[in-house]
Every structure is written in structure tokens, then in C-alpha cells.
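Chain letters run A, B, ... following the sequence lines, proteins first and then strands; every chain starts at 1.
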Amino acid sequence: MKTSPAPTTGRALAKELLDWYDRHHRDLPWRISPPMAARGVRPDPYHIWLSEVMLQQTTVQAVKAYFAKFVTRWPTVDALAAAPSEDVMAAWAGLGYYARARNLKKCAEAVASLHGGRFPDTEDGLRSLPGIGDYTAAAVAAIAFNRPAAVMDGNVERVISRLYAVDVPLPGSKPAMKARVAELTPSDRPGDFAQAMMDLGATICTPRRPACALCPFRRDCRALEGDDPERFPVKAAKKEKPVRLGAAFVAVDLDGNVLLRRRVETGLLGGMTEVPTTDWNSRKDGETGTSAAPFAAEWKACGTVTHVFTHFELRLSIYRFHGPAPNDVRIHGWWEDVANLDAQALPTVMKKAISQAIPEAFPIERG
DNA sequence: AAGACGTGGAG
DNA sequence: TCTCCAAGTCT
């Protein structure tokens, strides 16, 4: 039988965590580490904002290369604001959730034109910008501007739900948990506290097999006391993914150009580039045929591509055409040199479709 | 307020 | 193979 943990004040918990962070923080490209911060070095709000948007529902590992690419190409928010949208979308291609890229551009333009190139330094000011929600507003306010904002992301939800053994399922428990975070957040180093909570969730208080023996909260954690930390956070059950079917048409002309189109600005893969496809629906496989092709020709079936999106699974039948480019008025879009496909705003599912039809199109990415 | 919205890595 | 999920936001 375990004894109850000694009652620990929020202030003491915060100190435990910050001490842990000083020794075990991760070094990340956009982060000013505690030793540097102690010398008065401050983070670049542009870097913090850019990284936070990229990190929404995305792993640190995936973000690193994109972050480096963006800050090299667009070193300031003004530079990003001045960039063509197509360039930004192409640079974002592969990272997913493309509304983030559209809003990134809009936000940069707003900061450049409405705020003279400087980010607002309050939660409310940040929250009003495109693509900045509760989490990102609090994170940028705390990390970039040292405001005592309560930062709660998936990591913090996990840490808090375990620390207090929260039985109410997410997302219903969110407001109560955010109140807990607000209690704990110190006025002294709120940015480091937020980053420490997230590092703790990412490296110690992990979804599976948490390393509780190494946790600065191990003496205070109600979930550990109950002996089953993995039970938290409690979440609502998720639905199963429907399957949708469609066909994609990869046309290559005699000069080695591929027919591409731009998708509409909103919705799935909005504003990104694609090869012509049918609608994606639940009709039986093979029913589509080539009647929906962008032009009448000898389309050759060359297999299928499966791609899993967040809320459905897509099975695309791939068709290939090679021959003279038809002069067909129904074709909207453009013919792009195969050698130039890497510079296009092609989402992963479209790269898969093109690779299936013409394997030499993306030689480096073939595995 | 519940569903739309991508992708790739880990176990 | 398959399930989960990673620093959420918008409508």
C-alpha cells in the first residue's frame, strides 16, 4: 500500500520541472536553450511562430528540415509576406495540413502590413491572426515574449491528466486541465515552463511506457500512485475510416511534360497541385474507367495507389498516357517538365500517383 | 460542436 | 499489417 504523496505546491512543482528542464531540455533549431537565455539571448518571434505552426499535429523530426528550408529562403516575416503563394505552397508540400501554409502566408501578410513586421506580443493580439489558435497564441506569447500564458497541447494534456489522474475523457476535460496549467505556470520563466512541459511529455511522460522513474513529478503523480499511468489521458473512442475510390490520370507528352492542374483553394489539399483525377467517392472499384479522363486517348491502367488521409482511405486507380499532347479545349492546367516536378506543390498522394505511372519521375524518393 | 484536415514514424 | 498519434485550427 502506497502512502499519499506529500502535498506539493504548484510553485514547488514548477521549480522541480524547471530544474529538470535546465538539465534535460532538448536542443532544437528554433529554441534558445536556458544557458543562452541566461546570457540574455531572446528567441526570434518569427522563428517561434513558424516552428509552432509547423509543429501543429506534426513531429519534431518532420519539422526540422522544413524549418531550415523556410528560414533560409525567407529569413524574416516580411520576406515571407512578400513571397509568391505558389512558392510557399511548394515549399510546404509534403508536410500536410495545407491550410496551415495558406494561413501562414496570410498571417505573415497581416504582420507585415498591419503590425510593421512585428508580431503582437500578447495572447489576444496573436490569437486574432490567421492560423493562430488557443495553443499557438499561448505558446508564442510565453516562449517568444515571456508572457505567463497557459500553454496546453497534447503533451501537456497527457502530463496533466496523469499528474491529477483525470478520469473525464478528452476533449471534455480540457477546460479543467487548462485551469490546472494556469495554476502551475510561474510568472518567472513561463516560456521555459511551457517548453519543459512539452519536453517532459515528449521524452518522459510518453503515451506508451512512460519513464516514470526519471520524472520530476514522480513523487506527486496521482496516475503513478494508482499504478497505471498509461490509462491516461482518457479519450473518446474514434470512428473507423471509410474507403473512397477514384482514378488519377498521368499524361506525358512527347517532350516529357506531365499534365498538371491546381486544386481549388479550399478543402482537401486546397491550393495544391495535382494530376487530373475523378471525384473520390465510394463507388465500386473499376466502375470509373477512363470516361472521366481529361481527354480521350489510349489510357493504360498501371495499378493502384492507396493513401490514408485523416478521415478516409483513398484507393486510386492509376492510368498513364504517353503520346502527343492533344489540343483539347477541355484541358485546363499546364504541361510541366518531369525534371521540374520537385519544384511543384505536389502533395504526397500525388507524388505517389505519378511515381506509380512514371517511376523515374522522383528517382531519389523511390524506395 | 463535431467533423474536416496529411503525413510518416513507432511499436 | 495495423493502430496510434505528433507542439491544433477552422467551421
Side-chain angles (χ1 to χ4, degrees), chain A residues 25-26 28-31 47-67 89 92-104 106-107 126-144 149-159 169-172 174-175 178 181 191 193-203 205-210 230 233 235-242 244 263 265-272 274 280 306-314 345-352 365 367:
Chain A
H25 63 86
R26 291 179 291 176
L28 300 171
W30 45 85
R31 173 178 285 179
H47 287 9
I48 299 304
W49 163 73
L50 179 61
S51 65
E52 289 301 342
V53 173
M54 287 183 167
L55 285 161
Q56 291 166 10
Q57 298 290 284
T58 308
T59 56
V60 166
Q61 165 65 24
V63 164
K64 282 181 176 173
Y66 283 84
F67 178 80
M89 299 306 286
W92 195 278
L95 200 55
Y97 283 142
Y98 298 101
R100 291 185 296 171
R102 287 178 255 135
N103 286 329
L104 190 81
K106 287 183 200 156
C107 183
L126 290 159
R127 182 70 178 79
S128 68
L129 292 165
I132 297 187
D134 289 340
Y135 162 75
T136 304
V140 174
I143 298 169
V151 176
M152 195 171 70
D153 73 328
N155 288 304
V156 180
E157 285 172 2
R158 190 165 54 254
V159 171
L170 283 168
K174 244 173 142 172
K178 180 149 183 173
V181 177
F193 178 81
Q195 296 178 93
M197 287 287 277
M198 294 189 280
D199 277 20
L200 187 69
T203 64
C205 195
T206 50
R208 292 175 298 268
R209 307 295 301 271
E230 278 190 54
K235 293 185 177 180
K238 36 184 67 114
K239 299 179 175 180
E240 67 173 285
K241 291 179 182 181
R244 297 189 196 172
R263 294 175 64 87
E265 278 301 308
T266 57
L268 187 67
L269 308 178
M272 300 295 284
E274 66 171 5
W280 304 341
T306 296
H307 189 79
V308 181
F309 291 98
T310 306
H311 54 298
F312 67 94
E313 175 183 322
L314 177 65
L346 288 166
T348 297
V349 62
M350 292 301 158
K351 289 191 177 182
K352 282 191 195 176
E365 297 169 37

Just to verify, what does [X] make a side chain to side chain donor-acceptor pair (under 3.5 Å) with, not counting sequence neighbours?
X: A:Lys352; value: A:His307
X: A:Trp280; value: A:Thr277
X: A:Ser51; value: none

Report which part of the nucleic acid [X] touches: base, sugar-phosphate, or nothing (heavy-atom distance under 4.0 Å, all strands).
X: A:Trp92; value: nothing
X: A:Leu28; value: base
X: A:Val63; value: nothing

- Start at the 5' end of DNA chain B and walk down; is the nucleotide closest to A:Pro171 or to A:Phe312 reached first? A:Pro171

- Candidate pair A:Tyr66 and A:Trp92, rule ring pair (Phe, Tyr, Trp, His ring centres under 6.0 Å), full reasoning: CA-CA 7 Å; A:Tyr66 283 84; A:Trp92 195 278; 7.2 Å; no

- Task: With sequence neighbours excluded, tell me which residues meet salt bridge (charged side-chain N to carboxylate O under 4.0 Å, His left out) with A:Arg100.
- Result: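 Here no residue qualifies.
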
- Could you please name the option among C:dG8, C:dA6, C:dC5 that lies closest to any side-chain atom of A:Thr136? C:dG8

- Message: By nearest heavy atom, map A:Leu55 and A:Asn103 onto DNA chain C; which one lands nearer the 5' end?
- Response: A:Leu55

- Look at atom NZ of A:Lys174 and say whether more than 12 heavy atoms of other residues, nucleotides or ligands are closer to it than 6.0 Å. no

[N], OP1 or OP2 - any side-chain N/O from [X] closer than 4.0 Å?
X: A:Arg158; N: C:dC5; answer: no
X: A:His311; N: B:dA4; answer: no
X: A:Lys238; N: C:dC4; answer: no

- Rounded C1' spacing from B:dC5 to C:dA6 in Å: 15 Å

- Task: Sticking with atom P, work out how far C:dT11 lies from B:dG6, rounded to a whole angstrom.
- Result: 14 Å

- Scan residues 128-141 of chain A for pairs that pass salt bridge (charged side-chain N to carboxylate O under 4.0 Å, His left out), counting only residues two or more places apart or in two chains. A:Arg127-A:Asp134

- Scoring nucleotides 6-11 of chain B by protein non-hydrogen atoms under 4.0 Å (B base, S sugar-phosphate only, - none) yields BBS---

